Protein chains: 2
Amino acid sequence: MTLGQKIRELRERNQMLQRELASKLEVGDGYLSKIERDQKIIKREHLKTLSTIFKCPLKELEALWIATKVYDIIKYEETGLEALRVAEEQIKYNKTYAKV
Amino acid sequence: MTLGQKIRELRERNQMLQRELASKLEVGDGYLSKIERDQKIIKREHLKTLSTIFKCPLKELEALWIATKVYDIIKYEETGLEALRVAEEQIKYNKTYAKV
DNA sequence: ATTGACTTGACTTAATTCGGTCAAATATAG
DNA sequence: CTATATTTGACCGAATTAAGTCAAGTCAAT
């Protein structure tokens, strides 16, 4: 599940048109279309609005938002999955020995 | 292990000064210092040079390079680890149903 | 206290990404 | 065929990041 898919799902479940949701977010509908197709990534602040409109936990949207950014980096990389594991190691290591 | 740590390790194992390695890479030594401390991220092409100089597999350096980029995104995120898992899911999904 | 190796902070310029818009093209439904 | 919804490509200015440099500062050993 990508962020775009999630947004589309939420919108459709609420029988809302792209035009309607776009106007609530104060963006053009062409832009929203791209967001739902993960061709563009939404501004982070918009997540709050989405969370309110659809009564969806903000944390969940944020995790998807970050994941999309990460995915954009590794999607064309052969060593993508390995890199993910290394990054995970790094974050775990740094949690343990966090420099205050 | 971060990319910076790796580079330092390789350099020291070869008893090379920052100044020497920097000149091989054709950058200033102040810059190399930052790279070894992961304050800056090296240009991707430099990895080839490093791989040649130190006889170190390019793939390994590349995985570290990508991991550092990913880590930069998630390091301050509460949901960082969860986001990694979501991204992993996305890449796996997309490998399976890859649109040619 | 001088040297040599390294670190740091402030700065710069060029390139890239962000956050969109708009009009034309394409489904889809009636 | 017409209307409505969505998608796409080209484009845009603003903001951010990349890729460094340089000089001053630190730190250890002599």
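Order of the sequence lines sets the chain letters (A, B, ...), proteins ahead of strands, with each chain counted from 1. Predicted model, so just to flag it, every value in this text is computed and none were measured.
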A.B. asks: If you only use heavy atoms from C-beta on, which nucleotide in D:dT6, D:dT8, C:dG20 is closest to the side chain of A:V27?
C.D. replies: C:dG20
A.B. asks: Is a donor-acceptor contact shorter than 3.5 angstrom present between the side chain of A:K34 and the base of C:dG19?
C.D. replies: no
A.B. asks: In this structure, how many angstroms lie between the C1' atom of D:dG20 and the CD atom of B:E26, rounded?
C.D. replies: 13 Å
A.B. asks: With heavy atoms under 4.0 Å as the rule, sort B:R11 into base, sugar-phosphate or nothing.
C.D. replies: sugar-phosphate
A.B. asks: Among D:dT7, C:dT8, C:dT21, which nucleotide sits nearest the side chain of A:Q18?
C.D. replies: D:dT7
A.B. asks: Which nucleotide in the list C:dG19, C:dC6, D:dT6 gets nearest to the side chain of A:K43?
C.D. replies: C:dG19
A.B. asks: Taking OP1 and OP2 of C:dT7, is either one under 4.0 Å from a side-chain nitrogen or oxygen of B:S33?
C.D. replies: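 For C:dT7, OP1 or OP2 has a side-chain N or O of B:S33 closer than 4.0 Å.
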A.B. asks: Quick check against the 3.5 Å criterion: does A:R11 have a side-chain atom that pairs as donor or acceptor with the backbone of A:M16?
C.D. replies: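 Yes.
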A.B. asks: Measure CD1/A:I42 against C1'/C:dC18 and give the value in whole Å, please.
C.D. replies: 13 Å
A.B. asks: Are B:L10 and B:L58 connected, step by step, through hydrophobic side chains (Ile, Leu, Val, Met, Phe, Trp, Tyr) whose heavy atoms are closer than 4.5 Å?
C.D. replies: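 Yes, B:L10 and B:L58 fall within the same hydrophobic cluster.
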A.B. asks: Given D:dT6, is OP1 or OP2 found less than 4.0 Å from the side-chain N or O atoms of A:R8?
C.D. replies: no
A.B. asks: Atom CD of A:E12 to atom C1' of C:dT28: distance rounded to whole Å?
C.D. replies: 14 Å
A.B. asks: If you check the B:K40 side chain, which of D:dA19, C:dC18, C:dG20 turns out closest?
C.D. replies: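 Of all the options, the side chain of B:K40 is nearest to D:dA19.
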A.B. asks: Rounded to whole Å, how long is the line connecting atom CG of A:D29 with atom P of D:dT8?
C.D. replies: 14 Å
A.B. asks: Taking the nucleotide of DNA chain C with the closest heavy atom to each, which residue, B:R19 or B:G30, is nearer the 5' end?
C.D. replies: B:R19
A.B. asks: Measure CD/B:Q39 against P/D:dT21 and give the value in whole Å, please.
C.D. replies: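 B:Q39 atom CD is separated from D:dT21 atom P by 16 Å.
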A.B. asks: What's the closest nucleotide to the side chain of A:Y31 if the choices are C:dG19, C:dC6, D:dT6?
C.D. replies: C:dG19
A.B. asks: Within the supplied structure, the quantity of interest is the number of heavy atoms (other residues, nucleotides, ligands) at a distance under 6.0 Å from B:K59 NZ; does it exceed 12?
C.D. replies: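 Open.
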A.B. asks: Between A:T52 and A:K48, is there a donor-acceptor pair closer than 3.5 Å when you use the side chain of the first and the backbone of the second?
C.D. replies: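 Present.
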A.B. asks: To the nearest angstrom, how far is A:E36 atom CD from D:dT8 atom C1'?
C.D. replies: 15 Å
A.B. asks: Roughly how many Å is it from CG in B:D72 to P in D:dT16, rounded to a whole number?
C.D. replies: 17 Å
A.B. asks: B:Q15 has an atom CD; how far is it from atom C1' of C:dC6, in whole Å?
C.D. replies: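 Answer to the nearest Å: 18 Å.
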A.B. asks: Short question: side chain of B:T68, backbone of B:L64 - any donor-acceptor pair under 3.5 Å?
C.D. replies: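 Looks like yes, one N/O pair under 3.5 Å.
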A.B. asks: Counting side-chain heavy atoms from C-beta on, which of C:dG20, D:dT7, C:dT8 comes nearest to A:H46?
C.D. replies: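 Nearest listed nucleotide: C:dG20.
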